[in-house]
Student: 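If you scroll down you'll find the structure; I have some questions about it.
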Amino acid sequence: MISKATQLTPVTQVYHPLLSKFKIKLFIKRDDLIHPIISGNKWRKLKYNIKSALAENKHTIISFGGAFSNHIHALAYACKSNNLQSIGIIRGEPQYQSNFTLSWAKYWGMELQFVDRKTYKLRDDSAYLSELQNNHEDALIVPEGGSNTLALPGMAEVIDELQLQLDYDYLLTPVGSGGTLAGLIQADKNRHQLLGIAVLKQQGYLQQQVTQLLTQPAVFNNWQIFEQFHRGGYGKYKIADAKRILEFSTVTKIPFEPVYSGKMLLAFLDLLEQGYFPENAQVVMLHTGGIQGLGGMAERGLIDAQQWPIPAKAPTGD
Ligand SMILES: Cc1ncc(COP(=O)(O)O)c(C=O)c1O
């Protein structure tokens, strides 16, 4: 089984002048602390995928991701620690194999197969997937981002934990491939307002992705995805955005990164300033981890390594 997580991830109330101004209470569900390596939603989404692979005597998990994917990074470690082989089908050139993320994945034993964009686009195509399955009969194939139906019971455990931890009105999460939000929706059963923050620019597509993962989509009416806070697209943001994230991190002493948790934070602050939340609302932000991504961003000169909490590089073996 997937290696140990802490019992319940902590919920921390944070204080900031803007929260006092708008009379809102903000709590962060610290899933980034769930495991030192398999952080946040990755741990939650992989838990039942790993269990299922072990129960079905699979030897390998195959999955898909970009060259800096949090999912690929987490999967490599989760497989290694459960004595499973892993294969990462990576969009891009083999030169990426020595980047921050993939050097860790390789270090944990993942086999990396690099494919061009055209091939990568086939990742959900049924003919392509059956051929892949035929070539790897003993493998469980997990979609990009780990967002399949097995991800849902893992995410549901966030709702179970929150139930024990506090009363709240709104729960926010970043949305990339949809499994995280889908799992929360299914477990919450319309008790709270669930707000997904799209981190990429793909109008309507995420709504569809999430709906497809739900067993009875028509039953759930308490959720929505905000699509206007992507800040130019996946991984894009302005200098002012980065400053705002860093300022919030300094005040709250909680690390964020600008691709997922930071984008959710910026969206929350925008909604707050627009008066979206009624006075005295209790809001929870799910910190989905992803701090490893800062390593690759620093490597590409996209962020100032002095300002962000950059994790350690994989040993090179020299
Ligand atoms: C750190 C982090 N947060 C949030 C998400 C979004 O989750 P999902 O892909 O399930 O929508 C991802 C991507 O999977 C991620 O890596």
Side-chain angles (χ1 to χ4, degrees), residues 41-42 45-46 49 53 58 60-79 84-151 174-182 198-210 212-213 227 230 232-236 257 259-260 263 288 290 292-293 295-297 299-300 302:
N41 61 343
K42 299 295 161 283
K45 291 201 284 184
L46 287 174
N49 275 292
K58 304 280 188 192
T60 306
I61 297 189
I62 304 179
S63 196
F64 304 86
F68 298 93
S69 162
N70 291 323
H71 165 64
I72 289 293
H73 179 268
L75 179 67
Y77 187 84
C79 285
L84 290 162
Q85 303 292 313
S86 63
I87 300 177
I89 300 182
I90 310 297
R91 183 187 53 227
E93 308 289 322
Q95 78 213 34
Y96 284 126
Q97 65 186 303
S98 51
N99 79 17
F100 183 93
T101 301
L102 298 183
S103 54
W104 271 118
K106 252 190 350 185
Y107 180 74
W108 294 318
M110 180 177 265
E111 178 188 326
L112 300 171
Q113 294 183 1
F114 291 88
V115 297
D116 59 21
R117 283 179 180 271
K118 203 167 146 214
T119 311
Y120 192 81
K121 277 203 176 131
L122 295 172
R123 66 192 179 278
D124 296 320
D125 178 85
S126 51
Y128 170 81
L129 289 172
S130 4
E131 194 185 330
L132 188 63
Q133 189 74 76
N134 288 339
N135 292 338
H136 300 273
E137 281 176 358
D138 67 347
L140 172 69
I141 302 175
V142 171
E144 181 183 61
S147 285
N148 55 9
T149 50
L150 287 168
V175 184
S177 59
T180 300
L181 180 59
V199 300
L200 40 93
K201 191 163 58 175
Q202 277 183 337
Q203 299 289 330
Y205 159 83
L206 287 173
Q207 186 86 16
Q208 202 185 323
Q209 285 271 106
V210 171
Q212 272 171 10
L213 284 166
E227 293 187 332
H230 55 71
Y234 183 75
K236 304 229 167 93
E257 46 67 56
V259 180
Y260 293 100
K263 241 173 216 184
T288 49
Q292 79 79 28
M297 295 184 84
E299 202 171 63
R300 287 173 287 164
L302 299 176

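Just so we're clear, the structure is a prediction, and the values are computed from it rather than from any experiment.
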Student: In terms of side-chain heavy atoms, does Q202 have a donor or acceptor partner in Y234 at a distance below 3.5 Å?
Tutor: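 No, no side-chain donor-acceptor contact under 3.5 Å.
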Student: Checking L150 against V142 for the side chain to side chain contact (heavy atoms under 4.5 Å, CB included) test, could you report, in this order, the C-alpha distance in whole Å, the side-chain angles of both residues, the deciding distance, and whether it holds?
Tutor: CA-CA 9 Å; L150 287 168; V142 171; over 6 Å; no
Student: Could you check whether the rings of W104 and W108 sit parallel, tilted or perpendicular, using 30° and 60° as the cut-offs?
Tutor: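 Because their plane-to-plane angle is under 30°, the rings of W104 and W108 count as parallel.
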Student: Taking Y260's backbone N and O only, do any of them form a donor-acceptor pair with E257's side chain (distance below 3.5 Å, no angle check)?
Tutor: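 Here the side-chain-to-backbone pair exists.
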Student: With side chains defined as the heavy atoms from C-beta onward, is the minimum distance between L200 and L206 less than 4.5 Å?
Tutor: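 SC-SC contact between L200 and L206 confirmed.
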Student: Please walk me through it: do N148 and N49 pass side chain to side chain contact (heavy atoms under 4.5 Å, CB included)?
Tutor: CA-CA 9 Å; N148 55 9; N49 275 292; 2.8 Å; yes
Student: What are the two closest non-hydrogen atoms of L129 and R123, and how far apart are they?
Tutor: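 Minimum heavy-atom separation between L129 and R123: CD2-O, 3.4 Å.
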Student: For C79 versus I61, what's the shortest heavy-atom pair and its separation?
Tutor: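 Answer, listing the atom of C79 first, then I61: SG-CB, 3.9 Å.
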Student: Ignoring hydrogens, what is the shortest heavy-atom contact between L213 and A182? Give both atom names and the distance.
Tutor: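 Heavy atoms of L213 and A182 come nearest at CB-CB, 3.8 Å.
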Student: Just by modelled atom types, is the G178 backbone N or O under 3.5 Å from a matching donor or acceptor in the Q209 side chain?
Tutor: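 No; zero donor-acceptor contacts below 3.5 Å.
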Student: Which heavy atom in G176 sits nearest to a heavy atom in V199, and how many Å separate them?
Tutor: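 Closest heavy-atom pair between G176 and V199: CA-CG2, 4.2 Å.
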Student: Going by heavy atoms in the side chains, are F64 and I72 under 4.5 Å from each other?
Tutor: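 Of all side-chain heavy-atom pairs linking I72 with F64, none is under 4.5 Å.
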Student: Please collect all side-chain hydrogen bond (donor to acceptor under 3.5 Å, both in side chains) contacts where either partner lies in residues 130-141, sequence neighbours excluded, each pair once.
Tutor: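 Of all non-adjacent pairs touching residues 130-141, those that pass side-chain hydrogen bond (donor to acceptor under 3.5 Å, both in side chains) are H59-D138.
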Student: Tell me, yes or no, whether the heavy-atom count around F114 atom CZ, taken from other residues, nucleotides or ligands under 6.0 Å, exceeds 12.
Tutor: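 Atom CZ in F114 is packed in, count exceeds 12.
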Student: Side chain of K263, backbone of K236: donor and acceptor closer than 3.5 Å?
Tutor: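 Yes, the answer is positive, given that a donor and an acceptor are paired below the 3.5 Å cut-off.
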Student: Once rounded to the nearest 0.5 Å, what's the spacing between atom CE of M110 and atom CG of L84?
Tutor: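 That separation rounds to 11.0 Å.
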Student: Taking side chain to side chain donor-acceptor pair (under 3.5 Å) as the test, write out the residues that go with S147, two or more places apart.
Tutor: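 Side chain to side chain donor-acceptor pair (under 3.5 Å) list for S147, sorted by chain: K45, S177.
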Student: Do Y120 side-chain atoms and G65 backbone N/O form a donor-acceptor pair below 3.5 Å?
Tutor: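 Present.
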Student: Please report the C-alpha distance between L102 and L112 in whole Å, then the side-chain angles of each, then the deciding distance to 0.1 Å, and finally whether the side chain to side chain contact (heavy atoms under 4.5 Å, CB included) criterion is met.
Tutor: CA-CA 8 Å; L102 298 183; L112 300 171; 4.0 Å; yes
Student: Compare every heavy atom of S63 with every heavy atom of L75, then report the nearest pair and how far apart it is.
Tutor: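 Heavy atoms only, the tightest pair is CD2-CB, 3.5 Å.
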Student: Which one of H71, H73, Q292 satisfies the side chain to side chain donor-acceptor pair (under 3.5 Å) criterion with T101?
Tutor: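 With T101 as partner, H71, H73, Q292 yield a single side chain to side chain donor-acceptor pair (under 3.5 Å), made by Q292.
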Student: Does NZ or CZ of R300 lie under 6.0 Å from the centre of the six-membered ring of F100, at an angle within 45° of the ring axis?
Tutor: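 Cation-pi check for R300 and F100: fails.
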Student: CD of E227: more than 12 outside heavy atoms within 6.0 angstrom?
Tutor: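 Result for CD/E227: enclosed.
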Student: Output, in order, the C-alpha distance, side-chain angles, deciding distance and verdict of side-chain hydrogen bond (donor to acceptor under 3.5 Å, both in side chains) for E299 and N99.
Tutor: CA-CA 8 Å; E299 202 171 63; N99 79 17; 5.0 Å; no
Student: Name every donor-acceptor pair, under 3.5 Å, that has one atom in a side chain of residues 86-98 and the other anywhere in the protein, sequence neighbours excluded.
Tutor:
unit_1, atom_1, unit_2, atom_2, d
Q97, OE1, K106, NZ, 3.4
Q97, NE2, P94, O, 3.2

Student: Do L132 and I141 make a side-chain contact, defined as non-hydrogen atoms from C-beta onward lying under 4.5 Å apart?
Tutor: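 A side-chain contact exists here, since the closest heavy-atom pair is under 4.5 Å.
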Student: If we ignore angles and hydrogens, is there a donor and acceptor under 3.5 Å between the side chains of T288 and N41?
Tutor: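 No, no side-chain donor-acceptor contact under 3.5 Å.
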